[in-house]
Amino acid sequence: MVITERSHAAAPRDLAAPAIAIRDLTVAYRETPVLWDIDLDIPAGTLTAIIGPNGAGKSTLIKAALGLVPAAAGSVEIFVRPYDEQRLRVGYVPQRGSVDWDFPTNALDVVLMGTYGRLGWIRRPGRAEREVAMRCLDQVGMADFARRQISQLSGGQQQRVFLARALAQDADLYIMDEPFAGVDATTERAIVDLLRVLQARGKTVVCVHHDLESAPDYFDWLVLLNVRVMAAGPFAETFTPENLARTYGGRISLLSRLAEELEGRA
Amino acid sequence: MSGLLRDLLFDYTLRNVALGSALLGIVSGVLGTFALLRRQGLLGDALAHAALPGICLAFLLTGSKAPIVLLLGAGIAGWVGTMLLLLIVRRTLLSEDAALGIVLSTFFGVGVTLLTFINQRGDANQAGLDKYLFGQAAALVARDVITFAILGGAALLLVLLFSKEFTLLTFDPAFASSLGFGTTRLSILLTSLIVVAVVIGLQTVGVVLMAAMLIGPAAAARQWTNRLAPMIALSALFGATAGVSGALLSFTRQGLPTGPTIVLTLTAIVFGSLLFAPARGLVWDRLRQRHRALSGPMPTPVALVESEGSRP
């Protein structure tokens with residue numbers, strides 16, 4: 001990825017500055033562009049949803065921002081500095097399905113991995129790290145499952161373990177890939193509560209989200225994505241039938257239903 | 001039995017063979033755990049086959065049959081094979097198993113061709129290179145065992161140092177990368193250590209059977225525990241047990257080759273573990289199913305949690 005040094009990189013930390021600033025980001029798989037010329041500022045302190053149809057490049061966008069997939073062009077800054085300098089301020093929650101849950105480990109050990117970034121190479125986690133991990137498990141209501149082998153947790157419990165691992169990073173910006181996908185009602189509530197707590201503590205949270213119906217209740221900033229950024233801004237202003245129609249193209253039935261719902265809300 | 005124990009302690013040949021096989025079992029047991037959990041069970045197979053042309057080239061270039069020279073050649077060729085493998089996976093659309101197959105068969109083909117060429121030269125010195133195909137543990141001498149101990153000890157020390165990083169890489173490489181741990185460098189280091197295990201195994205079990213030494217102990221160990229550290233320890237123990245008991249078995253029976261006997265002993269441990277391990281054994285699984293069927297359609301709460309959690 002090309003990360004250009006920007007002139008204001010040395011500026012003092014400014015709360016009004018965006019948590020994520022993406023410029024001219026293009027990602028291509030072979031010849032096909034997956035993300036095209038993305039320009040995006042996500043303000044600090046927001047709960048942001050990235051929404052778009054399947055294949056819109058939502059996961060790719062956050063992976064490219066985190067340097068996990070190579071970008072053809074563009075730059076990403078986190079809190080007005082190149083991402084490489086800011087890794088410790090970013091907590092990443094991958095999709096739950098991205099790991100093998102039959103791995104021989106328990107919930108506490110997975111959460112402990114969140115402290116590895118600060119520990120750096122070779123140094124091992126000790127009592128202090130274990131206490132942090134336990135606190136984070138407790139925060140997502142999973143303290144009783146600390147010693148449980150991870151394959152013996154339900155999908156929602158596994159998702160909460162992933163969230164606890166991100167909490168253990170003690171980051172300023174949390175980037176989550178579909179945290180609500182396939183979770184039970186208890187977990188969904190736990191995640192929503194957690195997002196609110198994080199926001200109250202001044203953290204920024206960016207979630208890839210797939211459920212249009214729940215999105216207005218959970219988030220206050222919206223990015224509509226379909227290979228390009230179709231619209232971005234404060235949630236209520238951006239979540240309009242016109243913007244959704246442009247983002248989702250021809251899926252009329254879903255859109256008309258949503259339009260009715262939106263009018264019902266108004 | 002006591003006679004066997006005395007031989008194990010005092011018979012020069014048996015002691016070397018048993019020690020060398022035990023060292024191989026420990027090193028391949030530890031590294032095989034990571035290979036198995038990364039779903040790279042056949043990586044060791046490809047690396048072992050890739051080592052054969054290295055052995056032949058080392059002999060052709062130096063004219064020496066000294067194990068240290070040949071194993072250096074094997075290590076270099078195995079490492080080149082690894083890098084080629086990573087390159088193919090990275091730069092082409094081929095999946096990892098296809099890349100493994102290509103590297104394995106190409107290198108092995110070149111190796112067998114070179115071996116035939118060397119044999120046909122009628123060089124009085126050539127005899128014995130083909131022992132690396134199936135191993136010749138009975139020919140291990142004290143110097144080999146010391147070489148194994150140094151190589152294996154260094155590999156195990158590195159695993160100990162980087163155990164946190166290797167665990168992270170194995171469980172969740174994307175997360176490891178987001179924390180700033182270079183996953184490419186870590187992968188290369190881990191795979192290079194597997195090359196070391198392969199090099200140790202070439203003299204003992206040979207190119208063809210080496211894969212079993214990497215997969216077997218780890219697969220058996222996974223059956224008995226749900227934690228990584230005990231799994232690694234158990235895998236090393238199974239590897240060492242198979243090594244020593246295989247060496248003893250082949251010592252007591254004339255005409256039993258050591259390498260294959262070690263692998264067969266290991267196979268017995270693997271099958272025993274697959275069938276009878278308490279939580280994951282197939283036998284208990286079948287019994288539980290029958291019990292459940294007999295006691296009616298209502299699953300117990302524990303079973304409910306397990307079935308819900310096993311496939312999200």
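Order of the sequence lines fixes the chain letters, A, B, ..., with proteins taken first and strands second; residue numbering starts at 1 for each chain. Note: hydrogens, waters and symmetry copies are ignored here, and every other heavy atom, side chains too, is used.
For A:Glu178 (side chain) and A:Ser59 (main-chain N/O), no donor-acceptor pair under 3.5 Å exists by modelled atom type.
Under the 4.5 Å side-chain criterion, counting only non-hydrogen atoms from C-beta, A:Ile191 is not in contact with A:Val140. Side-chain contact between A:Leu61 and A:Val27: absent, with no pair of heavy atoms (C-beta onward) separated by less than 4.5 Å. Using a 4.5 Å cut-off on side-chain heavy atoms (C-beta onward), A:Asn54 and A:His210 make no contact. Annotation: side chain of A:Pro179 is not in contact with side chain of A:Arg96 (no heavy-atom distance under 4.5 Å). Put simply, the side chain of B:Ser187 does not reach to within 4.5 Å of the side chain of B:Phe166, judged on heavy atoms.
Of the atoms belonging to B:Ile232, not a single heavy atom falls under 4.5 Å from chain A. With a threshold of 4.5 angstrom between heavy atoms, A:Val110 approaches chain B through side-chain atoms but not through N, CA, C or O. Using a 4.5 Å cut-off between heavy atoms, B:Thr183 does not touch chain A at all. Of the atoms belonging to B:Phe162, it is side-chain heavy atoms, and not backbone ones, that fall under 4.5 Å from chain A.
Heavy-atom neighbours of chain A within the stretch residues 154-161 of chain B, taken at a separation under 4.5 angstrom, comprise B:Leu160, B:Leu161. For residues 113-131 of chain A, heavy-atom neighbours of chain B at less than 4.5 Å comprise A:Met113, A:Gly114, A:Tyr116, A:Gly117, A:Leu119, A:Gly120, A:Trp121, A:Ile122, A:Arg123, A:Arg124, A:Pro125, sorted by residue number.
By number of non-hydrogen pairs under 4.5 angstrom with chain A, the leading residue of B:Thr167, B:Leu228, B:Asn226 is B:Asn226.
Taking the six-membered ring where the residue is Trp, the centroids of B:Phe276 and B:Trp224 are separated by 6.0 Å or more. When ring centroids are compared, A:Phe180 and A:Tyr218 come within the 6.0 Å threshold.
Pairs engaging residues 266-286 of chain B under the salt bridge (Lys or Arg N to Asp or Glu O under 4.0 Å) rule: A:Asp102-B:Arg280, B:Asp285-B:Arg288 [sequence neighbours left out]. Sorted by first then second residue, the salt bridge (Lys or Arg N to Asp or Glu O under 4.0 Å) pairs that include residues 170-179 of chain B, not counting sequence neighbours, are A:Arg165-B:Asp172.
Between A:Arg89 and A:Asp170 no salt bridge is recorded (no basic side-chain N to carboxylate O distance below 4.0 Å). Comment: A:Asp100 engages B:Arg39 in a salt bridge, judged by a side-chain N to carboxylate O separation of less than 4.0 angstrom.
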